[in-house]
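Read through the structure below, which is laid out as structure tokens, and then see the notes.
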Amino acid sequence: MIKHALLLSAALPLIAAAAPAPKADPLAASFRAHVAFLADDLLEGRSIGSQGHEIAANYIAQHFARLGLQPAGDKGTWFQRVNFAESRFASERETAVMETGAGKTVTLENGVGLVLSPGDLAGPESISGEMVFAGYGLQDKSQGIDDFAGLDLKGKYAVVLSGAPDGMNSEVAAHLARTSKGIAALQAGAVGLITVRTLKEAARLPWEKFAPRARLPRRVLLGPDGQALGDGAGLKVRASIDDAAAAAIFAGSAMSFADVQAAAAKGPVKGFPLQGRFKINRATKLERISSPNVLGLLPGTDKTLAAEIVVISAHSDHVGVKANPKPGEDRIFNGAMDNASGTATMMEAATALVKAPPKRSVLFLATTAEESGLLGADYFSRQPTVDVKRIVADVNIDMPILTCDFGDVVAFGGDRSTLGPTVAAAAKAMKLGLSPDPQPEEAVFTRSDHYPFVRKGVPSVFLKTGWTDTKGGMACKDAERAFRLNSYHEVSDQLDLPFDWAAAAKWSRLNTDIIRRIANGTAAPRWYEGDYFGAAFAPTAPKAPKPVAR
């Protein structure tokens with residue numbers, strides 16, 4: 001037995017020499033360290049205006065400083081201060097009193113048959129007005145849509161259907177639903193916007209799951225003059241009502257609500273005046289919040305192309321802590337995947353790119369208040385610290401799923417500009433696929449921080465890990481589904497998730513290569529001819545012919 005043990009011990013060095021242990025990837029370790037810091041309990045979920053988010057912003061800024069980037073915020077600093085008005089209810093109970101065309105008075109309570117937002121003015125208020133149904137509430141000349149045409153809305157409530165008609169491109173529909181309803185209602189002189197639900201929306205999100213959104217705080221961007229910024233800023237009331245309440249306010253009008261829902265399932269519905277009045281009663285308290293975007297600039301090396309800027313963006317904020325946790329319950333929404341992982345990607349791209357700067361300049365932008373409605377990116381697009389005309393592209397990173405060794409990548413918006421082929425080339429070089437949007441009905445292209453850049457005419461993509469794994473299976477689809485079901489905006493989005501740090505390093509290298517290819521490209525990215533967003537927001541910019549599908 002001793003002889004055999006001696007022989008085995010003599011053989012061990014030979015085995016070790018034949019199969020050395022794999023070396024740890026320094027990039028994987030560095031990526032993990034960034035996520036570990038940003039998602040630590042001490043940062044308490046990085047909610048805007050909190051000390052935890054300020055610490056995160058300073059951590060990112062000091063990383064930029066160590067790399068030798070140039071501060072690109074306000075007045076030579078790393079930061080662009082963004083101011084918000086946060087409104088909360090001061091009342092214990094809010095109501096809407098409806099006088100219907102059938103001669104009835106119906107009172108709705110906020111959180112029951114009504115979801116009402118706080119106001120923009122401190123103190124109690126009652127706002128009453130007649131009501132006008134305005135179809136889906138959409139307005140876009142290029143699409144020949146004007147649901148407000150011929151309607152008198154001055155001093156009245158605009159009642160609109162949720163979403164947009166079927167048959168429209170999902171991303172265009174989501175864009176119009178997000179922006180034009182409030183803008184057009186305000187321009188028409190309406191005092192408020194009341195949303196009623198389509199059959200499709202009611203099936204997608206039952207009212208009992210939507211109603212808990214009542215009484216949530218509301219955050220509004222403030223400009224340098226202290227006035228509200230944003231789509232439809234200035235509307236006094238935004239509310240949604242359940243189907244029973246909608247049926248009541250349509251009573252005695254040109255169409256019943258049931259008929260309106262049935263017609264809306266087939267296409268646009270023409271508006272008409274409603275009978276009765278709508279009156280809200282609420283009290284609001286206001287608080288001013290300040291939170292920073294963080295910006296670092298890597299100057300380009302080419303005398304001509306350095307004037308052009310490629311942006312890589314990722315939001316550093318998350319949703320904070322639970323308001324009323326149970327004793328002993330985890331109360332911190334750490335946001336490890338969402339979006340410490342995206343922020344780490346941006347920081348590692350900066351680390352790599354400074355070692356060999358590209359021809360064009362690169363702006364690294366850590367945004368605030370994405371979780372409040374893309375507000376930090378929106379503010380930067382409205383009050384840029386660099387000339388927005390110099391920005392030729394934005395690559396946005398938000399919540400890549402890094403619990404699976406992904407075999408493909410999705411570039412939301414890649415089919416709208418020449419950024420798509422650039423992403424495809426970088427993916428191919430790493431033996432990864434480029435997959436189309438797996439869920440076009442979700443209109444993801446309008447739902448992260450690249451979208452404000454799109455609205456400034458900048459070709460943009462939003463990059464995420466795909467659904468296939470490196471073995472050709474769909475394990476990464478299952479991984480994303482598990483995260484979304486169990487950890488998205490939950491306290492379980494923390495470092496003990498089954499992160500694949502080797503996949504995170506691969507993700508970082510892919511994004512760095514994409515940025516480098518854009519920044520070194522002969523021509524700046526261009527929208528494709530005929531693309532809706534390119535035509536709407538960059539009408540005079542040169543366009544590229546769209547490749548013919550094979």
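Quick note: numbers below take in every heavy atom, side chains included, and nothing from hydrogens, waters or symmetry partners.
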CA sep, side-chain torsions, deciding dist, call: Phe483, Thr403, side chain to side chain contact (heavy atoms under 4.5 Å, CB included):
CA-CA 9 Å; Phe483 176 81; Thr403 54; 5.6 Å; no

- [ ] Go through Asp140 and Tyr532 one step at a time and tell me if the side-chain hydrogen bond (donor to acceptor under 3.5 Å, both in side chains) criterion holds.
- [x] CA-CA 11 Å; Asp140 189 313; Tyr532 171 85; 2.3 Å; yes

Any chance you could lay out the side chain to side chain contact (heavy atoms under 4.5 Å, CB included) test for Ile48 and Thr368, step after step, and finish with the verdict? CA-CA 7 Å; Ile48 69 168; Thr368 187; 3.2 Å; yes

task: Please assess Asp231 against Arg455 for the test salt bridge (charged side-chain N to carboxylate O under 4.0 Å, His left out), listing each intermediate value before the final yes or no.
output: CA-CA 12 Å; Asp231 302 322; Arg455 295 179 63 184; 2.9 Å; yes

Go through the steps for Phe380 and Gln80 under the test side chain to side chain contact (heavy atoms under 4.5 Å, CB included), then give the verdict. CA-CA 8 Å; Phe380 177 80; Gln80 179 186 39; 3.6 Å; yes

Arg218/Ser87 under side-chain hydrogen bond (donor to acceptor under 3.5 Å, both in side chains): CA gap, chis, key distance, verdict
CA-CA 5 Å; Arg218 176 170 170 253; Ser87 55; 4.6 Å; no

request  = Evaluate the salt bridge (charged side-chain N to carboxylate O under 4.0 Å, His left out) criterion for residues Asp120 and Lys236: first the C-alpha distance (whole Å), next the side-chain angles of each, then the deciding distance (0.1 Å), finally the verdict.
outcome  = CA-CA 7 Å; Asp120 295 325; Lys236 295 180 179 179; over 6 Å; no

One pair to check against side-chain hydrogen bond (donor to acceptor under 3.5 Å, both in side chains): Asp449 and Ser313. What are the steps and the verdict? CA-CA 7 Å; Asp449 278 336; Ser313 55; 6.0 Å; no

| request: Might you work through the salt bridge (charged side-chain N to carboxylate O under 4.0 Å, His left out) test for Glu130 and Lys156, ending with a clear yes or no? | output: CA-CA 5 Å; Glu130 298 176 4; Lys156 303 175 183 179; 3.7 Å; yes

Decide side-chain hydrogen bond (donor to acceptor under 3.5 Å, both in side chains) for His318 and Glu370; before the verdict, give the C-alpha distance in whole Å, the side-chain angles of both, and the deciding distance to 0.1 Å.
CA-CA 8 Å; His318 196 52; Glu370 189 274 349; over 6 Å; no

Derivation of the salt bridge (charged side-chain N to carboxylate O under 4.0 Å, His left out) call for Arg390 and Glu308 | CA-CA 5 Å; Arg390 294 176 57 194; Glu308 299 178 351; over 6 Å; no

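A ring-centre distance under 6.0 Å is found for His450 and Phe445. Under the 6.0 Å cut-off for aromatic ring centres, His175 and Phe533 qualify, their centroids lying closer than that.
Atom CD1 of Ile241 is separated from atom CH2 of Trp207 by 7.5 Å, given to the nearest 0.5 angstrom. Of the inter-residue distances, the one linking Lys471 atom NZ with Cys476 atom SG reads 11.0 Å to the nearest 0.5 angstrom. Residue Gln227 holds its CD atom at 9.0 Å from CG of Leu229, rounded to the nearest 0.5 Å. Taking OG from Ser291 and CZ from Phe84, the interatomic distance works out to 5.5 Å, rounded to the nearest 0.5 Å. Going from atom OH of Tyr136 over to atom NZ of Lys270 covers 16.0 Å, rounded to the nearest 0.5 Å.
At least one donor-acceptor pair under 3.5 Å links the side chain of Asp493 to the backbone N or O of Ala336. A donor-acceptor contact shorter than 3.5 Å links the side chain of Thr418 to the backbone of Arg526. Within the 3.5 Å criterion, the main-chain N or O of Ile397 finds a donor-acceptor partner in the side chain of Asn339. Put simply, the side chain of Ser170 gets close to the backbone of Pro440: a donor and an acceptor are under 3.5 Å apart. When atom types are taken as modelled, the side chain of Asp408 and the backbone of Trp467 share a donor-acceptor pair closer than 3.5 angstrom. Between the side chain of Thr468 and the backbone N or O of Met474 there is no donor-acceptor pair closer than 3.5 Å. Panel note: side chain Asn486, backbone Ala482; a donor-acceptor pair is recorded below 3.5 Å. Side-chain atoms of Thr343 never come within 3.5 Å of backbone atoms of Ala314 as a donor-acceptor pair (strictly under, hydrogens ignored). Remark: the backbone N or O of Ala541 is paired with a side-chain donor or acceptor of Lys543 at under 3.5 angstrom. Of the possible donor and acceptor atoms, none in the side chain of Arg516 sits under 3.5 Å from a partner among the backbone N and O of Asn511.
The shortest heavy-atom contact between Leu222 and Tyr379 is O-CE1, 3.5 Å. A pairwise comparison of heavy atoms in Arg282 and Ser117 identifies NH1-O, 2.9 Å as the closest pair. Here the closest non-hydrogen pair linking Ala245 and Leu108 is CB-CD1, 3.6 Å. Of all the heavy atoms in Ala164 and Leu138, the pair that sits closest is CB-CD1, 3.8 Å. Nearest heavy-atom pair, Ala248 versus Val106, reported as atom, atom and distance to 0.1 Å: CB-CG2, 4.4 Å. Lys181 and Leu161 get closest at one heavy-atom pair: NZ-O, 2.6 Å.
Atom CZ of Arg481 has 12 or fewer heavy atoms from other residues, nucleotides or ligands within 6.0 Å.
Remark: Lys464 does not engage Asp398 in a salt bridge, criterion side-chain N to carboxylate O under 4.0 Å. Using a cutoff of 4.0 Å between basic side-chain nitrogens and carboxylate oxygens, Lys477 and Glu480 are not scored as salt-bridged. Salt-bridge formation is detected for the pair Arg215/Glu94: a Lys NZ or Arg NE/NH1/NH2 atom is positioned less than 4.0 Å from an Asp or Glu carboxylate oxygen.
Leu375 places none of its side-chain heavy atoms less than 4.5 Å from the side chain of Val82. Inter-residue side-chain proximity for Ile145 and Met168 is flagged as met; some heavy-atom pair is nearer than 4.5 Å. Proximity of Ser256 to Asp259: side-chain heavy atoms (C-beta onward) are separated by under 4.5 Å at one or more points. You'll find the side chain of Trp507 reaches within 4.5 Å of the side chain of Leu402, heavy atoms only. Looking at Val97 and Thr105, their side chains come closer than 4.5 Å, going by heavy atoms from C-beta outward. Put simply, the side chain of Leu419 reaches to within 4.5 Å of the side chain of Ile518, judged on heavy atoms. Between Phe133 and Val269 there is a side-chain heavy-atom pair separated by less than 4.5 Å.
For Asp146, there are no salt bridge (Lys or Arg N to Asp or Glu O under 4.0 Å) partners two or more places apart in sequence or in a different chain.
Classification of the Phe250-Phe257 ring pair by plane angle, with boundaries at 30° and 60°, yields tilted.
The salt bridge (Lys or Arg N to Asp or Glu O under 4.0 Å) test with Glu171 singles out one residue from Arg447, Arg178, Arg416, and that residue is Arg416.
Both tests hold for Lys506 against Phe406: distance to the six-membered ring centre under 6.0 Å, angle to the ring axis within 45°.
Between Arg517 and Thr422, the side chains place no donor N or O within less than 3.5 Å of an acceptor N or O (distance only, hydrogens not considered).
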